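Each remark here refers to the structure printed beneath this line.
Only a predicted model underlies this, so the values are computations on that prediction, with no experimental measurement involved. Naming convention: chains lettered A, B, ... in sequence-line order (proteins, then strands); numbering from 1 in each chain. Hydrogens, waters and symmetry mates play no part in the numbers below; they use all other heavy atoms, side chains included.
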Amino acid sequence: MRVARIERVKRRLLKEAVADNLETMRGLPPRNVRGPRRMLRLWLRRAPILLIPITLAGSTWFVASSNAVSSPAVVRASAIPLGQRAQSARRAVGPATLDPSSPLPALDSSVFPLSVRRVVLDAGHGGTDPGTVSASLVSEKDITLDIQQRLGALLAAGGFEVVKTRADDRLIPLRDRAKLANTSSGDIFVSIHVNSIRNPERHGVETYYLGATSDPSLTTLAAAENRASGYSLTDMRALLDRVYADARRDESHRLATVMQDQLFGNLKNIDPGLMNWGVKRAPFIVLVATEMPAVLAEVGCLSNEKEAAMLRKPEYRQEIARALFSGIRAYANKG
Amino acid sequence: MAEPTTDILHVGIDLGTSRSAISASNGERFVVESYVGWPVDMVAKKVLKRTVMIGHEAVANRTMLDLHRPLERGLLKEGSDKDVLAVRELLKHLLALVGVSEKGKVDSANVRAVVGVPAASLRTNKQYLRNSMKGIVDSLMIVSEPFAVAYALDALLHTMIIDIGAGTSDFCVMKGRYPTEEDQRTLTNAGDSIDTQLLKLIEERYPQANVTVFMVREWKEKYSFVGDNGEKIIVTAPVRGVPTEMDITADMRAACETVVPPTIETMLDLLSRVEPEFQERVRNNVILSGGGGLIRGLDKTLEDALKQVGGGKVKDMEDPVFIGSDGGLALALDAPDTDWEKLSA
């Protein structure tokens, strides 16, 4: 009896595991972050991108009559491939070039006019998670919290609204940080961390944005779906989510580049030995789960005792906060 | 040259930060250290007579190698071409050990693999792993590591798996369904963080001693404990070139105990999210796996913590090294052909 029950449960779990893998292959986000309400909210938020499939379907009338988005980027996006169903739709409403094998062109981020008003600041680690700890027992969680407070004050004085993922020494789960950023409608997300590397002689700064592959899953999805019955509405949503993700990634990259320039440019004046480790991609949870341009800045290196000593000084932490502020302001001004 | 077989080979792989294990349907099981190294220059290449070294061999010859660990904090690294190559080399090496290679008994086109990854691995990371395994296996299923452990043990209902590895500690409550993000947690307080802490404490206590993280890791694997042990831990390390005995009992305890508060906090938090009527059953079915399961006294310490919520039982795994890969193999064997066809790598 028990054996039969276990076998039944195993069969169900296997089925779910396979389904989870197929969703990953199709580039879909996890189920728990794509409930119906969330999808509706995302749809409303991304309403301007609705023009893309419609443009794809060749409805020039809609583009002309729309006053929501009329940028050339949307017109360029009309090269997005559609399947057979879309082809029949095309026959009904007008001409469009459809090629299931061609990759999706990236959406120009200028489609989304950005204005940075609310900045979400995330002080890395906290509570029982100290982050990295220097040999002289300086904890990353204390440094990040202090820099966050200083940066928050600078931003507030500069006219920005500031949301903080933690205000004291407590452990906030990463997904709760992302959730807070999303629900508070932040315009950008800046996560502050301090590095630790094996070579204690070296120290530098680096800034991360969401790592993305060249997206073969998307090509696979398009080809697979075109072989079947064409695109359903759900498929189109998935595609649009990916297009939007590309735009967000581009913005995140731009934000990371500006932040890194300012961070290194300002701090190297104080610490000539500081190295510029540049802008990098990485799939940190807070970068994936947030819905706005997001970066993670490694503002120093606690494995280097000289820098650990500098990080202990309030003046140096203030300089880091100033450098981060300059980066955010430069990004906002260019937006 | 061996005659290739057309039989399908099913494998389960536990891709770990510190060690990776493989279990295959032909009965072979291997574990290797998750290190990949390339000779740093022509001299090293000539001495080593190899273009790439993997596992223990790579660690042993690390001074002549550009050494890479494909995983960091349980996630595949994506920083450089070498990182990408390191993952592929490690996976190819594991598969070669069970007979899969160009000149081996099994062709990669006949291999179906289940790979266990940390519970909190992101879809992008799983996709990256999938890309890394292109051409190495025919079909691939990626599952969370604690799920694979639970599957191996038939512990699929009202069970909590705590899998403490090198890069991450994975927690998963099995509720008879495929675990979602809500059912799982991943901490980076794990074996590596113990190593870092232990190295720091030893360097503070014995500033003249010449100790590396590799030595510390070996000591931890032999002697790790929490609570009162009653035994002295004496190790030998060079001080100004002279082998010298050092008592690291207090340091070992302090370093190992750094993982205790976050482990307890996470365990109790996940428990509190279980439906109230099932909490007692889950409390009495906590399974400790991974290398962390070998920390002496950790099971008792967790049981003490469970007393504050009504008590419970924590069981150690007898064979923590292969339990994840065995679970992956069980999944691979149970999955029907129709599913495998959908999961081509």
Quiz item: Counting heavy atoms not belonging to A:Arg170, are there more than 12 under 6.0 Å from its CZ?
Solution: no
Quiz item: Checking B:Thr338 against chain A: side chain, backbone, both or neither under 4.5 Å from a heavy atom?
Solution: neither
Practice problem: Count the heavy-atom pairs under 4.5 Å between each of B:Ala330, B:Pro262, B:Ser144, B:Gly176 and chain A, then report the option with the highest count. | Solution: B:Gly176
Validation: residues 145-155 of chain B side-chain donor-acceptor distances under 3.5 Å, sequence neighbours left out:
residue, atom, partner, partner atom, Å
B:Tyr151, OH, B:Asp334, OD2, 2.7
B:Asp154, OD1, A:Lys10, NZ, 2.8

Practice problem: Not counting sequence neighbours, which residues clear salt bridge (charged side-chain N to carboxylate O under 4.0 Å, His left out) with B:Arg281? List them please. | Solution: none
Quiz item: Under the 3.5 angstrom rule, does the side chain of A:Asn21 hit a backbone N or O of B:Met141 as a donor-acceptor pair?
Solution: no
Exercise. Against chain A, label B:Lys200 side chain, backbone, both or neither, depending on which of its atoms sit under 4.5 Å from a heavy atom there.
Key: side chain
Quiz item: Side chain, backbone, both or neither: which part of B:Leu157 has an atom under 4.5 Å from a heavy atom of chain A?
Solution: side chain
Quiz item: Can you name the closest pair of heavy atoms from B:Asn189 and A:Thr128 and give their distance?
Solution: ND2-O, 4.3 Å
Quiz prompt | Structural part of B:Glu203 lying under 4.5 Å from a heavy atom of chain A | solution = neither
Quiz prompt | Contact origin within A:Ser136 toward chain B - heavy atom pairs under 4.5 Å | solution = neither
Exercise. Please tell me if the side chains of A:Met25 and B:Leu343 come closer than 4.5 Å, counting only heavy atoms from C-beta onward.
Key: yes
Quiz prompt | Option that, when pairs with chain B are counted at under 4.5 Å, heavy atom only, ranks first among A:Leu13, A:Asp129, A:Leu14 | solution = A:Leu13
Practice problem: Measure across A:Leu171 and B:Glu265 and return the closest heavy-atom pair with its distance rounded to 0.1 Å. | Solution: CD2-OE2, 4.0 Å
Quiz item: Would you say the side-chain atoms of B:Arg177 pair up with the backbone N or O of A:Glu16, donor to acceptor, closer than 3.5 Å?
Solution: no
Quiz item: If you tally heavy-atom pairs under 4.5 Å against chain A, which of B:Leu140, B:Thr258, B:Leu156, B:Leu199 wins?
Solution: B:Leu156
